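Written out below as structure tokens is the structure these notes cover.
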Amino acid sequence: MNFYTDDKTIIACSTGTQSNTAIAVLRLSGFKNLIDLQKFFSFDLSKTINRKSHLTNIIFEDKIFDNGLLVFFPEGGSYTGENVLELSIHGNQLNIQRILELFVNHGDCRSAAPGEFTYRALKNKKLSLSQVEGLDMLLNANSSLMLSQGLDILQGDLHAQYLALYDAYLKLKAAVEISIDFSEDVGVEETQKLFQDSFAKFFKLISSLKTRTEGNISSLLSPEIVLVGQTNAGKSSLFNILLKHDRSIVSNIAGTTRDYVSEVIHIDGTNFKLVDTAGIRESSDVIENIGIDRAMNILSRSFYKILIVNPYETNAQYLAKFTDVDFDFLVVSHSDKSDFDSQVSTVDFSKIKTKNIAKANFNSLEGGSIGPLTILGPMGPLMDSGSIGPDSKTAGPIEPNSKNLGPIEPDFAKTGPIEPVEKSVSPMKNEKEGSADSKNSAQILKSGSIEPSSKNPAPIEPKLEKSSSNSQSGPIGPGPVGPHPNSEKVAPIGPKNENQSGPTGPIEPVLKSHIIKKFDISTANNPILLERHRDVINKIYSKSIEFSSNINEIDDVAILSSEVNILGHSLTELIGIVSPDDVLNSIFANFCIGK
Ligand SMILES: Nc1nc2c(c(=O)[nH]1)N(C=O)[C@@H](CNc1ccc(C(=O)N[C@@H](CCC(=O)O)C(=O)O)cc1)CN2
Ligand SMILES: Nc1nc2c(ncn2[C@@H]2O[C@H](COP(=O)(O)OP(=O)(O)OP(=O)(O)O)[C@@H](O)[C@H]2O)c(=O)[nH]1
Ligand SMILES: [Mg+2]
């Protein structure tokens, strides 16, 4: 952090130096007296009213450089905590450069390094470390989720929660100290109670923060929707259908490789990267495997995974490659063809794990249509919804795990994360249970997907719900061909659903509503988007579990005391009392000049 060492006056343009704009704001911070800058202004600086704007010419040695507004923020009451002068000038880039040079050459200033105003705000305790991280998130956000969380953090919400945790920690530490000093006077039982109470409060706070670190959070930061499938499955057709109404916001993503194409689509305030993977045309196994590896890579980091299968050109070996992938949607294309149903029945879907299935016609003039599909034959063990109606799994019972978070439960260590609701009842999403373990899956299915839930949400697309029944989607018998032990339970459209018709409609809004619904559910618990915070929170959480197991062996207070200190160290890291240089460096790495 060597460029932040002096306390010279710094100056920069805070409104960007890329293109000409109507107005640009220059900021100077750290000068001793405003009056010392008089030579640059026609306005009499002794008449300056703090934090009010004054019209002035910017001058030097009889030459007028520009006409603009100045605002003075006195030391202690400014963004950086130092004396700050803001100049709103005309935003021509040459004008900006000329005025910056004027101050640097004649005003005892130097150009600010990127992030230096904010660094001074941090140094002068105008911002906490996490507020700086929030600012970074806000300034570099690419979704409304990041914008809102960045602002929340900047405004100190998260910091306040950390302080509450720290406060609970100090009480816990006090309880440890009391037990060392007074345990004989107070009595073992009393001491233990004090301990447990203070630990319970602390643990409650850290647990609720920990739940916000669960799940694949990095996939939410720049969420990708990935289309995979064999050549001619219809991936590009679906890609175009989904992009159709988003052309204005569409942009090419830099860094895409030749083997996939991606575009940004904007759904409900969030930018998603829609990725069309290339079908593999080469006959060589080696090349095909490279292609599949790449698809796997993209899939593993993606937010929403769509598998497209053309039942007329399906290769069982290809499908078998994806048995470990948890798809969000399986779309069986070419539903417009006459012998579609019988063709579908020839495909072995038994190894595919997906949350939703639909048939689709990508070839229609109206932009593609989607409809319910019954897969006749063995179903994938983890499929839980056969139509595009409301996802049953989004509303099931919450995983029993979540109840285990009480502080002094004996088996914290086993306490799984509280998954977002969708995950908790969707067996395929339950990574901890091992998605390939059919025994586990069967158990989860029993409790998760069959139970009709009172919490079932309203259908996401009510108008689609009403649409006419589809002759191709008749009910199926109880796992007619399926040797799979779960086939009866997972049969998406069982014989009991006499009137099962499922919605039929345009593909674009239906898929988008599924995608946004998953995004809403995944972000409902306000996940902590800062990786550093997640790491520290998890560290504190596991240390507290270790700590809790020692509570009952209160005799060895020395150990307890040293453990509580270790806990304290991680906490100060979280709060930013101790900020090692590398932490500061990585936080400031993203800042631009003028911030
Ligand atoms: N013109 C301008 N706009 C801006 C900023 C700025 O520095 N200048 N900001 C910069 O990023 C953001 C706003 N953040 C700011 C935060 C604190 C203070 C400030 O003067 N704080 C004082 C006084 C507070 C008060 O009077 O309520 C302080 O905290 O002591 C100013 C801007 C966005 N817009
Ligand atoms: N009849 C009919 N034709 C379709 C349907 N979906 C796609 N097609 C046609 O199938 C062909 C292949 O579709 P694409 O969308 O290019 O397939 P892809 O999966 O992108 O194929 P690759 O890029 O080679 O991996 C095109 O001629 C489409 O018009 C459908 O639902 N019904
Ligand atoms: Mg294609």
Side-chain angles (χ1 to χ4, degrees), residues 12-15 23-29 50-53 68-89 112 115-122 124-128 131-132 134-136 138-139 150-151 154-156 227-243 259-262 274-282 288 291-292 295 306-315 318 331-340 343-344 358-371 373 507 591-592 594-595:
C13 175
S14 293
T15 44
I23 296 166
V25 177
L26 307 189
R27 270 199 294 203
L28 286 97
S29 181
N50 292 344
R51 311 168 69 83
K52 292 276 178 280
S53 69
L69 292 170
L70 66 80
V71 183
F72 173 61
F73 298 81
E75 187 176 60
S78 70
Y79 176 67
T80 58
E82 304 172 331
N83 280 332
V84 169
L85 184 68
E86 290 190 356
L87 304 176
S88 303
I89 61 171
E116 193 167 6
F117 290 94
T118 301
Y119 179 74
R120 290 196 176 181
L122 178 74
N124 296 325
K125 304 209 172 352
K126 286 286 165 189
L127 291 175
S128 68
Q131 282 178 301
V132 175
L135 184 62
D136 175 23
L138 174 65
L139 295 178
L151 187 61
L154 176 62
Q155 294 191 324
L227 308 176
V228 292
Q230 278 176 261
T231 292
N232 281 337
K235 300 178 295 294
S236 301
S237 308
L238 179 56
F239 184 79
N240 290 332
I241 288 168
L242 290 173
L243 282 177
D259 54 351
Y260 63 90
V261 178
S262 70
L274 182 65
V275 183
D276 178 12
T277 57
I280 291 100
R281 288 194 174 81
E282 280 80 359
E288 177 162 329
I292 288 173
I306 302 176
L307 173 66
I308 300 150
V309 172
N310 169 358
Y312 297 85
E313 289 183 42
T314 301
N315 173 345
Y318 177 88
V331 183
V332 185
S333 60
H334 293 73
S335 69
D336 51 313
K337 294 201 175 162
S338 55
D339 55 344
F340 176 77
Q343 195 63 36
V344 171
K359 64 178 182 181
N361 167 18
F362 297 147
N363 240 14
S364 76
L365 286 174
E366 299 79 45
S369 62
I370 195 164
L373 176 68
I507 195 161
F591 277 81
C592 51
K595 190 59 233 176

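Note that ligands are numbered from 1 as they come in the structure, with each ligand's atoms numbered from 1 the same way. As the structure is a prediction and not an experimental result, all values here were calculated from the model.
Of all protein heavy atoms, the one lying nearest to atom 11 (O) of ligand 1 is Lys595 NZ, 2.5 Å. Nearest protein heavy-atom contact of atom 16 (C) of ligand 1 is Tyr79 CD1, 3.8 Å. The nearest heavy-atom contact from the protein to atom 29 (O) of ligand 1 is Lys126 NZ, 3.6 Å. Shortest contact from atom 6 (C) of ligand 1 to any protein heavy atom: Glu86 OE2, 3.4 Å. Nearest to atom 26 (O) of ligand 1 among the protein's heavy atoms is Arg51 NH2, 3.2 Å.
Counting the atoms of ligand 1 from 1 in the order shown, those under 4.0 Å from a heavy atom of Arg27 are 6 (C), 7 (O), 10 (C). Listed by atom number, the atoms of ligand 2 under 4.0 Å from Gln230 heavy atoms are 19 (O). Each of the atoms 1 (N), 2 (C), 30 (C), 31 (O), 32 (N) of ligand 2 lies under 4.0 Å from some heavy atom of Asp336. Within the listing of ligand 2, atoms 21 (O), 22 (P), 24 (O), 25 (O) sit less than 4.0 angstrom from a heavy atom of Thr231. Every atom of ligand 2 is numbered from 1 in the order shown, and the set under 4.0 Å from a heavy atom of Ala360 is 31 (O).
Nearest to atom 2 (C) of ligand 2 by heavy atom, out of Asn363, Asn310, Ile507, is Asn363.
Judged purely by distance below 3.5 Å, without hydrogens or angles, the side chains of Ser236 and Asp276 pair a donor atom with an acceptor atom.
For the pair Lys595 and Tyr79, the cation-pi criterion (under 6.0 Å, within 45° of the ring axis) is fulfilled.
Where the criterion is an N or O separation shorter than 3.5 Å, residue side chain and backbone included, Phe73 fails it with respect to ligand 1. For a threshold of 3.5 Å applied to N or O pairs, the pair formed by Ala233 and ligand 2 contains at least one separation below that value. For the pair Lys235 and ligand 2, the shortest N or O to N or O distance falls below 3.5 Å. In terms of polar-atom proximity, His334 is counted as a contact of ligand 2, with an N or O under 3.5 Å from an N or O of the ligand. Among the atoms of Gly76, some N or O lies under 3.5 angstrom from an N or O of ligand 1. At under 3.5 Å, not a single nitrogen or oxygen of Thr277, backbone or side chain, sits near a nitrogen or oxygen of ligand 2. Residue-to-ligand polar distances keep Asp276 apart from ligand 2: every N/O pair is separated by 3.5 Å or more. Between Lys337 and ligand 2, no N or O atom pair is found at a separation short of 3.5 Å.
Among the backbone and side-chain atoms of Ser236, an N/O/S atom is found under 2.8 Å from the Mg ion (ligand 3).
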